[in-house]
Amino acid sequence: LLFSHCISGIQMLSVQPDTKPKGCAGCNRKIKDRYLLKALDKYWHEDCLKCACCDCRLGEVGSTLYTKANLILCRRDYLRLFGVTGNCAACSKLIPAFEMVMRAKDNVYHLDCFACQLCNQRFCVGDKFFLKNNMILCQTDYEEGLMKEGYAPQVR
């Protein structure tokens with residue numbers, strides 16, 4: 001089976017002084033450093049295992065790398081290039097794949113757009129919000145809407 005993309009772990013290993021030096025998959029030179037990286041079943045100098053886009057050292061960024069189309073990438077660049085994007089349910093503008101989002105059922109929002117769509121009050125961690133007719137509402141606006149419709153919310 002061929003996979004269109006791969007997520008691979010990165011291990012940092014101590015080089016044992018009594019072992020034969022391993023060849024680096026990046027530069028093909030022997031690894032004589034104190035540490036080496038193992039990823040994609042190959043060995044690398046710490047400086048040689050880098051993201052093809054931003055050149056960040058993948059051993060420092062995290063313990064995973066992404067490969068696609070013969071590129072080795074950090075998570076951010078992988079998502080930027082190949083990630084699934086969507087549109088914000090509030091403003092309808094595109095949300096880049098690497099951006100943090102808020103979700104309510106099937107809706108996805110920019111962090112800045114995740115606010116009551118009537119009074120624009122931003123939600124904080126722990127605030128209640130309600131999804132009614134595909135609009136996110138704060139508790140006050142939701143309850144006022146219920147009163148106008150002729151029935152009171154249940155108090156629990």
Side-chain angles (χ1 to χ4, degrees), residues 1-132 134-139 141-142:
L1 283 175
L2 287 175
F3 293 100
S4 61
H5 70 278
C6 171
I7 301 172
S8 175
I10 302 171
Q11 292 176 287
M12 180 175 276
L13 305 171
S14 293
V15 175
Q16 302 305 315
D18 52 348
T19 59
K20 185 175 160 226
K22 300 195 177 342
C24 174
C27 68
N28 295 320
R29 292 197 299 271
K30 298 281 182 215
I31 302 172
K32 296 177 182 173
D33 303 350
R34 198 166 159 205
Y35 296 98
L36 58 79
L37 299 176
K38 184 178 181 187
L40 303 171
D41 291 325
K42 298 175 184 170
Y43 298 97
W44 308 77
H45 289 104
E46 290 178 83
D47 285 340
C48 292
L49 188 59
K50 296 187 292 194
C51 174
C53 282
C54 70
D55 261 357
C56 69
R57 290 168 40 151
L58 293 170
E60 290 177 356
V61 171
S63 57
T64 55
L65 60 80
Y66 296 74
T67 58
K68 185 164 176 158
N70 292 329
L71 296 171
I72 295 175
L73 302 163
C74 67
R75 180 177 187 274
R76 182 182 169 92
D77 282 323
Y78 174 79
L79 289 174
R80 187 172 58 79
L81 292 171
F82 303 110
V84 177
T85 59
N87 287 38
C88 176
C91 74
S92 301
K93 291 184 182 154
L94 193 69
I95 301 175
F98 57 83
E99 194 171 296
M100 295 287 285
V101 297
M102 294 299 290
R103 294 180 187 276
K105 292 196 177 173
D106 295 333
N107 293 351
V108 183
Y109 302 86
H110 293 106
L111 290 182
D112 289 342
C113 294
F114 195 68
C116 176
Q117 289 177 279
L118 289 180
C119 71
N120 294 321
Q121 174 191 322
R122 295 278 306 269
F123 296 109
C124 298
V125 175
D127 284 353
K128 277 187 177 177
F129 67 88
F130 298 83
L131 195 60
K132 184 163 173 53
N134 228 17
M135 288 176 59
I136 39 175
L137 303 172
C138 67
Q139 188 164 2
D141 286 328
Y142 176 73

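Note: L65 CG to L71 CG = 12.0 Å, rounded to the nearest 0.5 Å. The CD1 atom of I95 sits 12.0 Å away from atom CE of M100, with the distance rounded to the nearest 0.5 Å. Distance check: E99 CD to C88 SG gives 9.0 Å after rounding to the nearest 0.5 Å. From C51, atom SG reaches atom CZ of R76 across 11.0 Å, with rounding to the nearest 0.5 Å. Here the CD1 atom belonging to I72 is positioned 5.5 Å from the CG atom belonging to L40, to the nearest 0.5 angstrom. Atom CG of L49 and atom NZ of K42 lie 11.0 Å apart (nearest 0.5 Å).
Counting only distance, with no hydrogens or angles, the side chain of Q117 and the backbone of I136 share a donor-acceptor pair below 3.5 Å. Distance alone, capped at 3.5 Å, is enough to place a donor-acceptor pair between the D127 side chain and the C124 backbone. Side-chain N or O atoms of W44 include one that pairs as donor or acceptor with a backbone N or O of A39 at under 3.5 Å. For N87 (side chain) and K93 (main-chain N/O), no donor-acceptor pair under 3.5 Å exists by modelled atom type.
With sequence neighbours left out, S14 forms a side chain to side chain contact (heavy atoms under 4.5 Å, CB included) with Q16, Y35.
No side-chain heavy atom of C24 sits less than 4.5 Å from a side-chain heavy atom of R29. For the pair L111/V101, no side-chain contact is recorded, criterion being any heavy-atom separation below 4.5 Å from C-beta on. Here the side chains of V15 and K22 are not in contact, with every heavy-atom distance at 4.5 Å or above.
More than 12 non-hydrogen atoms from other residues, nucleotides or ligands lie less than 6.0 angstrom from CZ of R57. More than 12 heavy atoms of other residues, nucleotides or ligands lie within 6.0 Å of CG in D18, so this atom counts as buried by the packing criterion.
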Verify side chain to side chain contact (heavy atoms under 4.5 Å, CB included) between I10 and T64, making sure each step is shown before the conclusion. CA-CA 5 Å; I10 302 171; T64 55; 5.9 Å; no
Might you work through the side chain to side chain contact (heavy atoms under 4.5 Å, CB included) test for M135 and L118, ending with a clear yes or no? CA-CA 9 Å; M135 288 176 59; L118 289 180; 3.8 Å; yes
Using the side chain to side chain contact (heavy atoms under 4.5 Å, CB included) rule, take C56 and K50 through it: C-alpha gap first, then chi angles, then the decisive distance, then the call. CA-CA 5 Å; C56 69; K50 296 187 292 194; over 6 Å; no
Using side chain to side chain contact (heavy atoms under 4.5 Å, CB included), reason through L58 and E60 one step at a time and then give a plain yes or no. CA-CA 5 Å; L58 293 170; E60 290 177 356; over 6 Å; no
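The shortest non-hydrogen separation linking C113 to C91 is SG-SG, 3.8 Å. Across all their heavy atoms, M12 and E46 have their closest contact at CE-OE1, 3.1 Å. G59 and L37 get closest at one heavy-atom pair: CA-CD1, 4.0 Å. The minimum heavy-atom distance between K30 and P21, with the atom names listed, is CD-O, 3.7 Å. The minimum heavy-atom distance linking C53 with D77 is given by the pair CB-OD2, 3.3 Å. Taking each heavy atom of L36 and Y43 in turn, the nearest pair found is CD1-CD2, 3.4 Å.
Within the structure, the ring pair (Phe, Tyr, Trp, His ring centres under 6.0 Å) test picks out the following pairs touching residues 100-119 (sequence neighbours left out): Y109-F114, F114-F123, F114-F129.
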